[in-house]
Amino acid sequence: MEKYNVLVIGAGHAGIEAALACARMGLHTAILTLNRNTIGALSCNPAVGGVGKGQLVKEIDALGGEMAKATDFSAIQFRILNASKGAAVQSSRAQVDMQLYQQYMQRVVLEQENLEVVEAEVKDLIIKESQVYGVITAKKEEISADCVVICPGTFLDGVIHIGLNKTVGGRINEPASCGLADSLRKLGFNLFRFKTGTCPRLDKNTIDFSKLIVQNGDDPSCPFSFSTRVIQQKQVPCHITYTNSLTHKIILDNLSRSPLYGGIIKATGVRYCPSIEDKIVKFSDRERHQVFLEPQGLNTDEIYPNGLSTSFPEDVQLEIIHSVEGLEKARVIRFGYGIEHTVVDSTQLFPTLESKIIRNLYIAGQINGTTGYEEAAAQGLVAGINAGLRAKNKDHLILTRANSYIGVLLDDLTTKGTQEPYRMFTSRVEYRLILREDNADLRLRKIGHDLGLVSDAEFKNTQTKQEAIDNGIKFLRSHRVGPSQELNNFLRKSATPCLQNSVTLEHILKRPQVSLSNLMSLSELGIDIPEFALRQVEIEVKYSGFIQRQLVEVERFKNLEKIKLPLELDYGIISGLSREIKEKLNKFRPLNLGQASRISGVTPAAVSILMVYLRKI
């Protein structure tokens, strides 16, 4: 029987990050996939990032993951979303060439030292005394491992819906993984069904782009990876159109033929990325909905009409498409579909993503109830890191709400759970002003370096950046300037009052009308800050008051997180707690008081009782 340190089931976004992390930590690792040719495939839209999601990708990169580098290699358009708003909510998004992205990931996986790719379907887990020891494949082969990471995406008992017809599959024209869900159910996992979907693909040669709104990317482009210096790929535009009253009428007239409204799909769908039929029903007051036409690559004619996700029959899909301006003669290359798949109750996992039921078993990705490439990859990276640490008999890594978006994602899933497909947003993050995507490397690269996932050279660059930021802020705070003709002319042109007295450069930069780059253009001020540190220096200065307040809140948060709760603690014997709270604490098994305080129904009074009890034991 083959023996590995870590087995990773699934080769999607979560599986890839998990397997690469383990292999790069020096562990003998295998990634099990139904088809090695589909490693790294983008199942849905040809884009990475978005509001809240861009931060996840930056953090994956800072920790030593691969998604950001793959995105930069294959990106054909970059945009900063919410660019007109504050730094706390700005997020990166990139259109990618789907073929190039997959080729990049496949090359990285296949060339990675310590990592083997095995084509196999996992049917069961080898369990002894509540600990996993490997897997059993569909061919009855046993593969042994110290730790197992499950990352099946939408393939776990996947069912595809097009109209009233349904077929078993994890992705169009690909088989589902059947049997593993039964194994998890027998072990005591709570399983339920979620639904997601995808859009039809259109032939760009049959679209009338003259009727559409052009949306170009940012120039210059801002890469995702902190290691990327130059964007190689040609950059191309996207286009925008809208649904209309005819579109809405077609949808309403055919609701009985929708598996979603015909009662065939019973699983819970995605609130924040609904199908077009869901939009029309739930937002009946809206006269139109945006359709964002995304090219799937430089060497393909396929266009992804983001906003037209649907599981209607093919003839209805055609009617809907042809009713949209610019798409009147569009030819469909591949029709959209809905997919139901099995997910686990994520509250049955620790924030490390290790199962509370089976030791050394880690679960990551869409199986935990999330939606999106970025959420899956973030979970996969953390699960892989922790499986690797367990295999090395080292302490787990726990990211928190105070140091990362990934920490918020994991805490939400394992403390609160989710009753619908979970999607990351900046609004979910309490400390988003200090957890910006531009400083993800400053926050997390030391962790990645300590784990062996970030190279010495990359970490040195981060240290150099931090030193430049610190020196820049110190210079601005210590240098005073008085009124001068050049400076006051600059301030007057910037629509801000002229100087009457001597002030620090920091004082001037705090004015909303003044940017650091423009201030540096005044040679008399002698400001010399490297370009790679400009953005962070300006943000730190302009938002210093708000940042300091958030840092105080973070310290309060950390104080509760520091108070550990023994895993074997019997909450039933603690007097003063209600029966409901005792039951919830015994079920969730929080790792510390902070996590306990975020469990629904656990009151501040209960936290105080726990604090007093812990002092006695």
Side-chain angles (χ1 to χ4, degrees), residues 10-18 40-61 65-68 70-71 74-75 79 81-82 91-96 98 101-102 105 151-156 158 170-171 194-199 224 267-275 278 292 294 296 304 306-307 309 336 338-341 343-344 346 353 363-383 404-413 417-429 437 440:
H13 302 288
I16 285 173
E17 297 292 354
L42 297 170
S43 301
C44 195
N45 66 313
V48 173
V51 176
K53 293 169 173 279
Q55 283 84 342
L56 290 175
V57 181
K58 294 275 189 175
E59 291 180 355
I60 290 167
D61 184 67
E66 202 64 34
M67 176 172 268
T71 300
S74 57
R79 288 185 65 226
L81 306 183
N82 292 330
S91 304
S92 294
R93 187 178 190 272
Q95 299 295 146
V96 297
M98 298 178 78
Y101 185 98
Q102 185 175 4
M105 280 302 197
C151 309
T154 59
F155 282 71
L156 201 62
R171 194 162 44 210
F194 277 178
K195 175 258 178 188
T196 187
T198 189
C199 301
F224 265 99
T268 306
V270 185
R271 177 188 298 269
Y272 302 105
C273 189
S275 64
D278 235 5
F292 191 56
E294 305 172 89
Q296 293 201 172
Y304 184 90
N306 199 334
S309 173
I339 182 167
E340 288 182 287
H341 60 100
V343 298
V344 304
S346 54
L353 293 180
I363 302 179
Q366 279 188 273
I367 186 176
N368 288 340
T370 60
T371 177
Y373 307 147
E374 305 81 5
E375 291 88 347
Q379 292 175 72
L381 179 61
V382 172
S404 60
Y405 270 63
I406 298 177
V408 173
L409 167 67
L410 299 180
D411 188 62
D412 280 351
L413 291 175
T418 182
Q419 300 303 309
E420 61 187 21
Y422 178 102
R423 180 175 179 176
M424 176 52 70
F425 290 106
T426 54
S427 58
R428 297 188 189 273
V429 183
E437 65 169 37

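This structure is a prediction, so every number in the text was calculated from the model and none was measured.
Scanning both residues, Gly365 and Gln379, for their nearest heavy atoms gives N-OE1, 3.2 Å. Residues Ala94 and Thr71 come closest through the heavy atom pair CB-CG2, 3.8 Å. When all heavy atoms of Tyr405 and Phe425 are compared, the pair lying nearest together is CE2-O, 4.2 Å. When all heavy atoms are compared, the tightest approach of Ser309 to Gly197 is OG-C, 3.6 Å. In terms of heavy-atom proximity, Ser43 sits nearest to Arg171 at OG-NH1, 2.7 Å. Contact between Gly170 and Phe155 at its shortest, heavy atoms only, is CA-CD2, 3.5 Å.
One finds the CG atom of Leu413 at 8.0 Å from the CG atom of Leu353 (value rounded to the nearest 0.5 Å). The structure places CZ of Phe224 at 10.0 Å from CG of Asp61, a figure rounded to the nearest 0.5 Å. Here CD of Gln296 is found 14.5 Å from OH of Tyr101. Values are rounded to the nearest 0.5 Å. Here Cys44 contributes atom SG and Met98 contributes atom CE; the two are 8.0 Å apart, rounded to the nearest 0.5 Å. Between the NZ atom of Lys58 and the CD1 atom of Ile60 there is a distance of 12.0 Å, given to the nearest 0.5 Å. To the nearest 0.5 Å, the span separating OG1 on Thr154 from CD on Glu340 amounts to 12.0 Å.
Remark: side-chain polar atoms of Glu59 are not paired, donor with acceptor, to backbone N or O of Ala440 under 3.5 angstrom. For Glu66 (side chain) and Met105 (main-chain N/O), no donor-acceptor pair under 3.5 Å exists by modelled atom type. Using a distance-only test at 3.5 Å, with no hydrogens or angles considered, a donor-acceptor pair links the side chain of Gln95 to the main chain of Pro46. Side chain of Gln366 to main chain of Gly153: no donor-acceptor pair is present (N/O by atom type, distance under 3.5 Å, no hydrogens or angles).
Side-chain contact between Phe292 and Asn45 is absent, with no heavy atoms from C-beta onward closer than 4.5 Å. For the pair Ile367 and Cys151, the minimum side-chain heavy-atom distance is 4.5 Å or more. When side chains are defined from C-beta on, Val51 does not count as touching Arg93, because their heavy atoms never get closer than 4.5 Å.
Glu375 pairs in a salt bridge (Lys or Arg N to Asp or Glu O under 4.0 Å) with only one of the listed residues (Lys53, Arg423, Arg428), which is Lys53. When each of Asp412, Asn368, Thr371, Thr370 is tested with Tyr422 by the rule side-chain hydrogen bond (donor to acceptor under 3.5 Å, both in side chains), just one qualifies, namely Asp412.
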Task: Candidate pair Met424 and Val408, rule side-chain contact (heavy atoms from CB on, under 4.5 Å), full reasoning - done: CA-CA 9 Å; Met424 176 52 70; Val408 173; 4.2 Å; yes

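For the 3.5 Å distance criterion, the side chains of Ser91 and Glu437 fail to qualify, holding no donor opposite an acceptor.
Using cut-offs of 30° and 60° on the angle between ring planes, the pair His341 and Phe194 is perpendicular.
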